[in-house]
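Contents: one structure, followed by commentary.
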Amino acid sequence: MKDAFGLPQSLLILGGTSEIALATARRLIARRTRTVRLAGRPSPRLEQAAEGLRALGADVRTVAFDALDPESHETVLGKVFAEGDIDMVLLAFGILGDQARDEREPVNAVRVAQTNYTGAVSAGLVSARALQTQGHGSLVVLSSVAGERARRSNFIYGSSKAGLDAFAQGLGDALHGTGVHVMVVRPGFVRSRMTAGLDEAPLATTPEAVAAAVEGGLRRRSETVWVPGALRLVMSAMRHVPRAVFRRLPV
Amino acid sequence: MPAETVSVTGWGRTAPTTARLIRPRTYEEAVAAVRDCGTRGGIPRGLGRAYGDAAQNAGGAVLDMTGLDRIHAIDAADGTVLCDAGVSLHRLMQILLPLGWFVPVTPGTRYVTVGGAIGADIHGKNHHVSGSFSRHVLSLELLTADGGVHTVSPGTPLFDATTGGMGLTGVILTATIRLHPVETSLMSVDTERAADLDDLMARLTATDHRYRYSVAWIDLLARGAATGRAVLTRGDHAPLGALPKAARARRDPLAFRPSQLPAAPAFLPDGLLTRRTVGLFNEVWYRRAPRARAGQLQRISTFFHPLDGVPHWNRIYGRGGFVQYQFVVGYGQEEALRRIVHRISERRCPSFLAVLKRFGDADPGWLSFPAPGWTLALDIPAALPGLDSFLDELDEEVAAAGGRVYLAKDSRMQPDLLAAMYPRLGDFRALREELDPRGVFMSDLARRLTL
Ligand SMILES: Cc1cc2nc3c(=O)[nH]c(=O)nc-3n(C[C@H](O)[C@H](O)[C@H](O)COP(=O)(O)OP(=O)(O)OC[C@H]3O[C@@H](n4cnc5c(N)ncnc54)[C@H](O)[C@@H]3O)c2cc1C
Ligand SMILES: NC(=O)c1ccc[n+]([C@@H]2O[C@H](COP(=O)([O-])OP(=O)(O)OC[C@H]3O[C@@H](n4cnc5c(N)ncnc54)[C@H](OP(=O)(O)O)[C@@H]3O)[C@@H](O)[C@H]2O)c1
């Protein structure tokens, strides 16, 4: 159960090797989290991630989960929930793709969309139903500023995050009053495996900063969290920039 | 039976969860409700005055027991009452005071049910004399997980598991309670100020035994030499002879007239309670109290339940709600108490008057809170930055001193410390395992702390 401060005792991460998710897990383990389930594609990296969290004193298990196989989500996630309450689900899987190549090879572009959007729709709905049956819990969705307004330089990823973001907001409204809390997190450029080798965008931040913002959002029961917080303003200005200008912005 | 899906919290308004709320009006309906709880179980709820998550059950059933509120029999000669568990202490006072009887134990609010009083094994200002509520329960009827109703008497394991058992052994349907005789509905109260914590502890230690009721309101925002300054209010029921001859009260000495102000509005902004506003309040309140005054006549509501005068006062803490922290440390652990009081006042928690009291002998309830020693209770806004870690540190101080925190007030304690604080926890779990193997009775508190 969550405590009076909104902090969870049990955590399910979808995308178990995500650096942002693991930074969040470490932070929550330092508070009340004792049970962690890392769902992801089986790999040595996933096992290492589990080992790392065990060393902090948590009871950690890995679960084979593939965002691209929505048919399996019901069964895979159903098993996790059947073992005990999950106070928080962190939907963290996602791929950035390679914009230039994806434009040339639409099949790759579709993988980005399927992972980030359809995979999340499926896993999000399955998780939401389980949380609703429990009568409590938070679903935290890692969206992105890239979805706020798609940019020339990464509109394939951006559009998938736009879909995810809209989906998560709608889900939050659908679940309002059910005891389940949906929180949409919109980080800017985060220095992680996903962005390794890319040029940093302004206001670049770290997985640890995202983790701190997630914890803060849980405490306040926020519906939307920007990381860093200044992006809320920046993006609300961005929304109103005329297309002709926006196209040419160097971001 | 109609069930409504609602969001439920405790009095502190933190950690809401959703449950099916069922309000049985007959014992048969209560039995049916327990039978049909479903896989996430059910938990009885009284008036929801527990601060944390004791009377909520995410995804399951919450049995609102206030629909079972009949008073079955009053023995006005012997001073006992047999009533449903959903009857409030407020109602008992209304009915019993005119007959010359008072409830054996009352908490800081009258708006608790008999079931809640037994489930949390509550204590009052008379704990040092009268023990906790369960000491005055002669018998109770318990609806258990199998749907059976059992008469449970003191001195049995089931009784000791149920008193303080936070609703997890079953639903209390009725109880027979021994009452306390009074001649008037007024209290004769002595007030005195204590300049600091040591002065306060010395006064309480030296003279508590002279009073049936004793409590000290302590200003935890005072610092330096004034740390722990307090106002002691102690007294007893006023005998008839104490009422002035000409007074109206003489004609109707047992009349129960609680006073009430309008309720706090439903929506109050956050951040009303800051160090400054609370500090100011505490200052005024301390200065206003007489240095020493004896034998003042006060109404029962003024003496015992000052907060009941403002319905829904818990709203002043705003959307984030608040946490109450109450612990006890044994006699001989005064150093731990001093350390904790100093830490709280150094931290400048915007805490309204906190309450310090000396407990007497413990009662046998396995998860019953009171134990001989010092108990301190304080309210703090949940949104205060760093509050969670700070209270974790206090938990550790308390546990290291052999003390415990009160489950009826808890919404956040460190689960790992529970077994040290409640040595009979193992027996409690074993009894539950045997009595309720499928876990029909379940609450958010039980899930959070694996009770
Ligand atoms: C202003 C204020 C002052 C307080 N002062 C004190 C004090 O001085 N001393 C003290 O000890 N406490 C105090 N309390 C706490 C309060 O007395 C307890 O939490 C009490 O249990 C509340 O009773 P309730 O009827 O509201 O029960 P709830 O809060 O609804 O439930 C409390 C517990 O009792 C169980 N329960 C309720 N009904 C039944 C039943 N029929 N059968 C079995 N279990 C049941 C519930 O499952 C739950 O675990 C105070 C609370 C407030 C708000
Ligand atoms: N980094 C940023 O700048 C940034 C900014 C805004 C938002 N975000 C979002 O934040 C989330 C986490 O990103 P991160 O920075 O922590 O990146 P990361 O370390 O690369 O994490 C991405 C995760 O997604 C998983 N994943 C990818 N495809 C999957 C699939 N088909 N099935 C299951 N899991 C799959 C990866 O697992 P494998 O180990 O199996 O590959 C990995 O765990 C992503 O949704 C990302 O879009 C990131």
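Each chain gets a letter, A, B and so on, in the order the sequences are listed, and its residues count up from 1.
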>> Only pairs of heavy atoms separated by less than 4.5 Å count here; which of A/Lys2, A/Gln134, A/His181 has the most with chain B?
In response: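 Top option by heavy-atom pairs under 4.5 Å: A/Gln134.
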> Which one, A/Gly135, A/Gly137, A/Gly179, leads in non-hydrogen pairs under 4.5 Å with chain B?
Replying inline: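 Among the listed options, the one with the most contacts to chain B is A/Gly135.
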Heavy-atom proximity to chain B below 4.5 Å, by part of [X]:
X: A/Asp85; answer: side chain
X: A/Leu7; answer: side chain
X: A/Gln9; answer: side chain
X: A/Arg220; answer: backbone

Contacting region of [X] [heavy-atom separation from chain A under 4.5 Å]:
X: B/Asp392; value: side chain
X: B/Ser389; value: both
X: B/Arg13; value: neither
X: B/Arg40; value: side chain

>> Could you walk me through whether A/Thr24 and A/Leu90 satisfy the side chain to side chain contact (heavy atoms under 4.5 Å, CB included) test, starting with their C-alpha distance in whole Å, then the side-chain angles of each, then the deciding distance to 0.1 Å, before giving a yes or no?
In response: CA-CA 9 Å; A/Thr24 306; A/Leu90 178 54; 4.0 Å; yes
>> Centroid separation under 6.0 Å, is that true for the rings of B/Tyr111 and B/Trp313?
In response: no
>> Can you confirm if the aromatic rings of B/Tyr51 and B/Phe322 lie within a centre distance of less than 6.0 Å?
In response: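 Under 6.0 Å, so yes.
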> Would you call the rings of B/Trp11 and B/His312 parallel, tilted or perpendicular if under 30° counts as parallel and over 60° as perpendicular?
Replying inline: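 Plane angle under 30°, so parallel.
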>> Cation-pi check for A/Phe5 against B/Arg412: NZ or CZ below 6.0 Å from the six-membered ring centre and within 45 degrees of the axis, yes or no?
In response: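 Output no; distance or angle outside limits.
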> Yes or no on ring-ring contact (aromatic ring centres under 6.0 Å, His included) for B/Phe369 and B/Tyr422, after CA distance, side-chain angles and deciding distance?
Replying inline: CA-CA 8 Å; B/Phe369 167 67; B/Tyr422 290 91; 7.4 Å; no
> So, does B/Arg45 use its side chain to make a donor-acceptor pair with the main chain of B/Gln56 at under 3.5 Å?
Replying inline: no
